Amino acid sequence: MNIDQIALLRRGSGRRFEISIAALLFTLPLMALATAPDAFGQGLKITRLNPKGATSAVAIGLNKTNQVVGNYTIKGGTVKGFEFASNKYTTIVFPGSKNFTRANGINDTGEIAGDFFGTDNWYHGFTDAAGTFTQYDLPGGLGNFSTSIFAVNNNGDTAGAAGGGTLGSANEGWVNIAGTVTTFYGSGTDNTYAFSINSTDEFVGQYIDSSNLSHGYSGTISGGKAVITEIVFPGAVQTACEGINDSGEITGYYIDSAGIGHGFTDIGGVFATSDLPFIASVNAGGSYVGDYFDPTGMQYGYVASPQSFKPTTVKVSKAISTSTFGVNNSGVLVGQYTDSTNTTHGLILSGTTVTNVDDASGVAGSTLVNGINTAGTAVGYYLDTSNLAHCFLYSGGKFTNDFIPGATQAEALGINDAGDISGVFVDASNAEHGFLLKGGVGGTLTQLDVPGATYTFGWGINASDTVTLIWGNSKNNAESSTYNATTKAYTTVNVPGAVNVYAHSINKTGAIAYAWSDASGNYHAGLLSGGSYYLLDEASGSNIHGDGINDTGLMVGRYYPTRTTTYQGFKGQK
């Protein structure tokens, strides 16, 4: 039998680890997608998980103290388990296993559950209590069929799946509660997996029907039998349940009618789509683990913890719409707004004082202010009658225009306190390049092109002349990087779960405000700070963008208030 063993079972990646050995057939059809759709009012701190030497990694289980377990693959295809705690990785390999060990669950005492591939060519479950490994096989399974453990609760009860050999090719779910094993199918004899079990012995999982479609479920044991209730995310064509905590919150992912996948939560029957691309498990504090693919196809695990984010709306008196793109260290905001007469202006906003910034060289209503330094010098761009962009510097009420030599178009988007300017220009061959203009107007121009990019678009600049860049990859997605003017190095900004990433502003500590879009084309705000990614959404709207950040960490941007499609500005701190 050729065994199509998914190395990352219970995440349904569709990326399979092939083993030509008679063992257990675990096949999940769902694709774990790179993004999730709009979910409002979320604030999540994301830590990327990628053990040293990993070619791919997933996070699967976590406990109340955010100890995380998961699996990673190294060059050559060997799969190892890992534990992540106190910012350190510990590798988990069952003694004598045959190049395959997975850590799938962990309870609040730190006991770990998983499975491994043995030298007997069968899969076996195991528990790991403080480094003491114990093999587990379902009764009658040793030498006859395979057993995998996917979860362990605080009582030491476990859940998993078994199949192959004398059980046949259809996998059965099972739970072991206080030493009593119950096996079951979700429906008929459909392939069934039990992925999580909480302390009240409610369990969740997934079964696959004859059309190879996934169904999520929750279950309990009553009268010695499993009572299964199907769980369907509203409007989904496929659903998979992956985790359940002691409060009964269920996590998983679903595929919508457009074939796009999303993470979700289910709290007492109230469903919510998550910003996270795929959610495996949830703990009592509402933290999640899972995995995502970056634009290059590299797979990473993550742990996400709730983070307070309560932005304040930025209002310009009588404005129809407002967009705020930048903020200086004095709290002065810049952007663009449309007034009550439907006239659009570039904007400088100091407290409640509005300064209209309208470059007379441009078409009326086309001026946009994007950056401002502490001295109040602002930069931006306007459009001419041919719809071409021209950069400007605005200081003391006066404009200085078109200061990038050889440019057919240019936008100045960032300025630091030394007067150095960043942005984008178009050359005579119609190629887009980022730029750093050291010394400001008349200074030294450095053209910025991310290696391998189809275009490069500069945006923000900090005190040390690190520039944020947006660039196109070969798949026509937007990625982002930073350029360090001292080392000349480009560093990718790898936002978990994003299809497109737009790094906008950067402050002196290296914190970056960004926007990102998901597979459904929805936009979200984000912040990269201290090596952690924060995914942020506005509770009273959608389409949120993180655009500017100053040196105190004040972030500004824009969003659509509920039931509108005109921007409103916001400001706030994580």
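The shown structure was predicted, so the numbers you read here are calculated from the model rather than taken from an experiment.
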A.B. asks: Would you sort out whether N329 and D417 count as a side-chain contact (heavy atoms from CB on, under 4.5 Å), showing the intermediate values?
C.D. replies: CA-CA 10 Å; N329 290 334; D417 285 353; 3.9 Å; yes
A.B. asks: Pick out which of I470, N473, L469 makes a side chain to side chain contact (heavy atoms under 4.5 Å, CB included) with E479.
C.D. replies: N473
A.B. asks: Can you tell me how the ring of F82 sits relative to the ring of Y89, calling it parallel under 30°, perpendicular over 60° and tilted otherwise?
C.D. replies: perpendicular
A.B. asks: Looking only at the side chains, is there a donor atom on one of D256 and H262 sitting less than 3.5 Å from an acceptor on the other?
C.D. replies: yes
A.B. asks: Do R48 and Y302 form a cation-pi contact, if we require the NZ or CZ to be under 6.0 Å from the six-membered ring centre and within 45 degrees of the ring's axis?
C.D. replies: no
A.B. asks: Please report the interatomic distance OG1(T147) to CG(L138), rounded to the nearest 0.5 Å.
C.D. replies: 4.5 Å
A.B. asks: Just checking, is any N or O donor in the side chain of N154 or N107 under 3.5 Å from an acceptor N or O on the other one?
C.D. replies: no
A.B. asks: Main chain of T482, side chain of T491: is a donor-acceptor contact present, judged purely on distance under 3.5 Å?
C.D. replies: no
A.B. asks: Taking the side chain as every heavy atom from C-beta outward, state whether N477 and V499 have any atom pair closer than 4.5 Å.
C.D. replies: yes
A.B. asks: Going by the rule side-chain contact (heavy atoms from CB on, under 4.5 Å), which residues pair with D157 if we only count those two or more places apart in sequence or in a different chain?
C.D. replies: N153, N155, I177, I197, D201
A.B. asks: Nearest 0.5 angstrom please: T251 OG1 to L276 CG, how far?
C.D. replies: 10.0 Å
A.B. asks: Over all heavy atoms of both residues, which pair between L436 and A485 is shortest? Give the atoms and the distance, please.
C.D. replies: CD2-CB, 3.9 Å
A.B. asks: Would you compute the distance between atom OG1 of T73 and atom CZ of F100 and round it to the nearest 0.5 angstrom?
C.D. replies: 8.0 Å
A.B. asks: Nearest heavy-atom pair of L49 and A59: which atoms, and what distance?
C.D. replies: CD1-CB, 3.8 Å
A.B. asks: Are the side chain of N66 and the backbone of A85 linked by a donor-acceptor contact shorter than 3.5 Å?
C.D. replies: no
A.B. asks: Using the benzene-type ring in the case of Trp, are the ring centres of H545 and Y523 under 6.0 Å apart?
C.D. replies: yes
A.B. asks: With sequence neighbours excluded, what pairs up with Y533 under the ring-ring contact (aromatic ring centres under 6.0 Å, His included) test?
C.D. replies: none
A.B. asks: What are the two closest heavy atoms between A159 and V175, and how far apart are they?
C.D. replies: CB-CG1, 3.9 Å
A.B. asks: Any side-chain to backbone donor/acceptor pair from T239 onto H215? Under 3.5 Å, distance only.
C.D. replies: no
A.B. asks: Verify whether one side chain among N176 and Y136 offers a donor that lies under 3.5 Å from an acceptor in the other.
C.D. replies: yes
A.B. asks: Flag the pair Y502 / Y514 as yes when their ring centroid distance falls below 6.0 Å, and as no otherwise.
C.D. replies: no
A.B. asks: Quick check: do F150 and R102 have side-chain heavy atoms less than 4.5 Å from each other?
C.D. replies: yes
A.B. asks: Testing the basics here: between K52 and Y72, what is the closest heavy-atom pair and its distance to 0.1 Å?
C.D. replies: O-CE1, 4.3 Å
A.B. asks: Do Y217 and F203 make a side-chain contact, defined as non-hydrogen atoms from C-beta onward lying under 4.5 Å apart?
C.D. replies: yes
A.B. asks: For S505, enumerate each residue passing the side-chain contact (heavy atoms from CB on, under 4.5 Å) test, keeping only those at least two apart in sequence or located in another chain.
C.D. replies: I549
A.B. asks: If you look at every heavy atom in S214 and Q238, which pair is closest and at what distance?
C.D. replies: N-OE1, 2.8 Å
A.B. asks: Does any part of the side chain of F271, heavy atoms only, come nearer than 4.5 Å to the side chain of F233, both counted from C-beta?
C.D. replies: yes
A.B. asks: For N484, check side-chain contact (heavy atoms from CB on, under 4.5 Å) against everything at least two apart and list the hits.
C.D. replies: T466, T486, T487
A.B. asks: Compute whether any side-chain donor of one residue and acceptor of the other, for N416 and D465, lie under 3.5 angstrom apart.
C.D. replies: yes
A.B. asks: Can you check whether N283 reaches N245 side chain to side chain, under 4.5 Å on heavy atoms?
C.D. replies: no
A.B. asks: Quiz question: by atom type and distance under 3.5 Å, do the side chains of Y254 and T273 form a donor-acceptor pair?
C.D. replies: yes
A.B. asks: Look at the side chain of T127 and the backbone N and O of I112, then say whether any donor-acceptor pair between them is shorter than 3.5 Å.
C.D. replies: no
A.B. asks: Report yes if the side chains of V289 and V58 come closer than 4.5 Å at any heavy-atom pair, otherwise no.
C.D. replies: no
A.B. asks: Which heavy atom in A194 sits nearest to a heavy atom in F184, and how many Å separate them?
C.D. replies: CB-CZ, 4.1 Å
A.B. asks: Counting N and O atoms only, with roles assigned by atom type, does the side chain of S146 sit under 3.5 Å from a partner on the main chain of Y123, one being a donor and the other an acceptor?
C.D. replies: yes
A.B. asks: Is there a side-chain contact between I106 and Q67 in this structure, where contact means two heavy atoms from C-beta onward sitting under 4.5 Å apart?
C.D. replies: yes
A.B. asks: Distance check, rounded to the nearest 0.5 Å: C241 atom SG versus I279 atom CD1?
C.D. replies: 11.5 Å
A.B. asks: With sequence neighbours left out, write down each residue that passes side-chain hydrogen bond (donor to acceptor under 3.5 Å, both in side chains) with T509, or none if nothing qualifies.
C.D. replies: N507
A.B. asks: Distance alone, cut at 3.5 Å: any donor-acceptor contact between the side chains of N171 and Y193?
C.D. replies: yes
A.B. asks: Return the CG to CZ distance between D137 and F126, rounded to the nearest 0.5 Å.
C.D. replies: 12.5 Å
A.B. asks: Considering only heavy atoms from C-beta outward, does the side chain of L536 approach that of H524 to under 4.5 Å?
C.D. replies: no
A.B. asks: Between the side chains of W471 and S481, is a donor N or O closer than 3.5 angstrom to an acceptor N or O?
C.D. replies: yes
A.B. asks: Which residues satisfy the side-chain contact (heavy atoms from CB on, under 4.5 Å) test with E172, sequence neighbours excluded?
C.D. replies: L167, T183, Y185
A.B. asks: Look up atom CG in N50 and atom CD in Q299, then write down how far apart they are to the nearest 0.5 Å.
C.D. replies: 10.0 Å
A.B. asks: Under 3.5 Å, is there a donor-acceptor pair between the side chain of N550 and the main chain of V327?
C.D. replies: no
